Structure formats: C-alpha cells, structure tokens
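No experiment lies behind these values; they were computed from the predicted model shown.
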Amino acid sequence: MIEDVIDKSPRIETERLVLRKWEPRDLEGLVEMNADPKVMEFFPAVMSRQDSERMFERLLFKQEKFGFGTPVIEEKATGRFLGLCGLGVPTYPEPLPFDPCVEIGWRLIPDAWGRGVTQEAARVWLRFGFETLRLNEIVSFTSRINWRSEKVMQRLGMLRDASGDFDHPLIEGGHPLKPHVLYRLSKDQFWEQEHG
C-alpha cells in the first residue's frame, strides 16, 4: 500500500536541483507561481493567495499521509523556489476513470522553462516510484490543449492512452480545458528506456 511508504520520500540532489519535501518557507513561492498568468494558462484561472494557501495545506497533508506530495524543486546554486514536480495520488470528489493511480505532475515558474528542469526532476521521481514505491505504473494527464505538458510526457517516454482520455471532474461542462488526455508509463517500459 502507498500508505506504507511514509518518510521514504528523500531529499535528492542532482547537479542543478534539490528535490525535497514542502516546508513553510515555500508558501510564498507557491503563491507567486500560482498567480502568474503564464504558469496558469491551462488552468481555469490564476489562483488567489487563499487558493494557494489551501493548496499548500493539501500538499502538506498528502506529504504526511503518503510520504510524498508532488515535492518542491529548488535551484541548487541559489536556493530559489522553481516549482513542484513529483508523484501524487489524485484526490478529487469523484474518482477518475483510471483510479486508483499514482500520477506524476509538475508546475514551474517561467524562468525555469526550457532548461530541462522538469525532465530532470521527473526522471528522478519516476525512478523513485518504480524502485522505492514498487509501482507497476505511473500516469500523467493534462488538458487536451496543453501541448507543452504533453511534450514533456512524450520526452519522458510516456505513452498516450486515447481510450483513457476523460473529462476533468472539477472543470465545468463546455469549458475548453475540460477534455483531458491520459499518458501511462509501466515499470517495464521505464526500465527498458533506462537500460535499453
């Protein structure tokens, strides 16, 4: 069970990044990122401070419950908050068609775009998911019009499952962001890429 891996989520350093759990000092970075129209282009709206504070509480709760919670990306050289990337367990009011699942997701400040930061962080967490959590599959999903996120999923070797595409339960009917695409990556596919 995922609940059995509490405290297994490590602090991981790469050449450029520190990937770690959420701390109180990260709230301001989250608030600023979520208020940026460029960052939130494929979300229904930018988030108010209150919305981001609620999101922060949810991230801390999931981190406590599951041992991970879409962790922080910090720039190693400067300590600057770059965003979030990692594994999460979706908790929507109604189940997703492919629940139960563990997803990989990300959200970064614009200064971090185009530098391979998402891929670098995501590969670490994919390895963690398959090695440490012993998951058989990790999914990712995004709005059908969010081509940037789809490109990242493809670069990570994830495969589109068109039969799993779905309408997001929290977005109103008729909204252009409601249709979502689903990508999957199995443990075997990941190891084949890694050791190919």
Any link between [X] and [Y] through a network of hydrophobic side chains (Ile, Leu, Val, Met, Phe, Trp, Tyr) touching at under 4.5 Å?
X	Y	answer
Leu177	Met55	no
Leu126	Val102	yes
Leu27	Met40	yes
Phe42	Val181	no
Phe98	Tyr183	no

Which of these, Lys178, Glu94, His180, sits in a side chain to side chain contact (heavy atoms under 4.5 Å, CB included) with Pro169?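 Between Pro169 and the candidates, side chain to side chain contact (heavy atoms under 4.5 Å, CB included) is satisfied uniquely by Glu94.
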Among Thr142, Leu96, Leu159, Val139, whose side chain to side chain contact (heavy atoms under 4.5 Å, CB included) with Leu182 holds?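 Only match with Leu182 under side chain to side chain contact (heavy atoms under 4.5 Å, CB included): Val139.
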Are [X] and [Y] close enough that some pair of their side-chain heavy atoms sits under 4.5 Å apart?
X	Y	result
Met33	Met47	no
Pro179	Phe166	no
Asn146	Arg148	yes
Ile12	Trp125	yes
Met158	Ile104	yes
Pro110	Asp36	yes
Leu30	Trp22	yes
Ser186	Asn136	no

Audit row: Phe130, Leu185, side-chain contact (heavy atoms from CB on, under 4.5 Å) steps and yes/no: CA-CA 10 Å; Phe130 291 125; Leu185 182 64; 4.0 Å; yes
Would you mind checking if [Y] and [X] are paired as a salt bridge, meaning a charged N to carboxylate O distance below 4.0 Å?
X	Y	result
Arg49	Glu28	yes
Asp161	Arg184	yes
Lys187	Glu192	no

Taking all heavy atoms of Leu19 and all of Ala121, pick out the closest pair and write down the distance.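 Here Leu19 and Ala121 meet closest at CD2-CB, 3.8 Å.
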Check Ile171 against Pro44 and note the closest heavy-atom contact, atom names and distance.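 That closest heavy-atom pairing would be CG1-CG, 4.2 Å.
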Is the Lys NZ or Arg CZ of Arg127 less than 6.0 Å from the centre of Trp191's six-membered ring, within 45° of the axis?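 No, Arg127 and Trp191 do not form such a contact.
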Within 45° cone of Phe128 ring axis and under 6.0 Å: Arg123 NZ or CZ: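 Negative - Arg123 is either too far from the ring of Phe128 or too far off its axis.
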Could you grab the distance from atom [atom1] of [X] to atom [atom2] of [Y], nearest 0.5 Å is fine?
X	Y	atom1	atom2	result
Leu59	Glu64	CG	CD	13.5 Å
Lys151	Leu156	NZ	CG	13.0 Å
Glu150	Ser143	CD	OG	9.0 Å

What I want to check is whether the side chains of Arg107 and Asn34 have a donor and an acceptor closer together than 3.5 Å.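 Result is yes, a qualifying pair exists.
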Run the numbers on Arg160 and Asp165 for side-chain contact (heavy atoms from CB on, under 4.5 Å), then give the verdict. CA-CA 9 Å; Arg160 169 92 181 272; Asp165 290 356; 2.3 Å; yes
Could you pull out all residues at least two apart from Arg25 that satisfy side-chain hydrogen bond (donor to acceptor under 3.5 Å, both in side chains)?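 Arg25 satisfies side-chain hydrogen bond (donor to acceptor under 3.5 Å, both in side chains) with Glu23, Glu74 only.
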More than 12 heavy atoms of other residues, nucleotides or ligands under 6.0 Å from [atom1] of [X]: is that the case?
X	atom1	value
Phe61	CZ	no
Glu32	CD	no
Lys76	NZ	yes

Which atom pairs, donor and acceptor, lie under 3.5 Å between side-chain atoms of residues 80-93 and protein residues at least two apart or in another chain?
from	atom 1	to	atom 2	distance (Å)
Arg80	NH1	Asp111	OD2	3.1
Thr91	OG1	Lys62	NZ	3.2
Tyr92	OH	His168	NE2	3.4

Run the salt bridge (charged side-chain N to carboxylate O under 4.0 Å, His left out) check on Asp26 and Lys21 step by step: do they pass? CA-CA 10 Å; Asp26 300 314; Lys21 290 185 175 184; over 6 Å; no
For side-chain contact (heavy atoms from CB on, under 4.5 Å), just list the numbers for Met153 and Phe141, CA-CA rounded to whole Å, side-chain angles, deciding distance to a tenth of an Å, and then say yes or no. CA-CA 9 Å; Met153 294 170 197; Phe141 48 86; 5.6 Å; no
After noting the C-alpha distance and the side-chain angles of Ser140 and Trp106, does the key distance pass the side-chain contact (heavy atoms from CB on, under 4.5 Å) rule? CA-CA 10 Å; Ser140 195; Trp106 47 81; 3.8 Å; yes
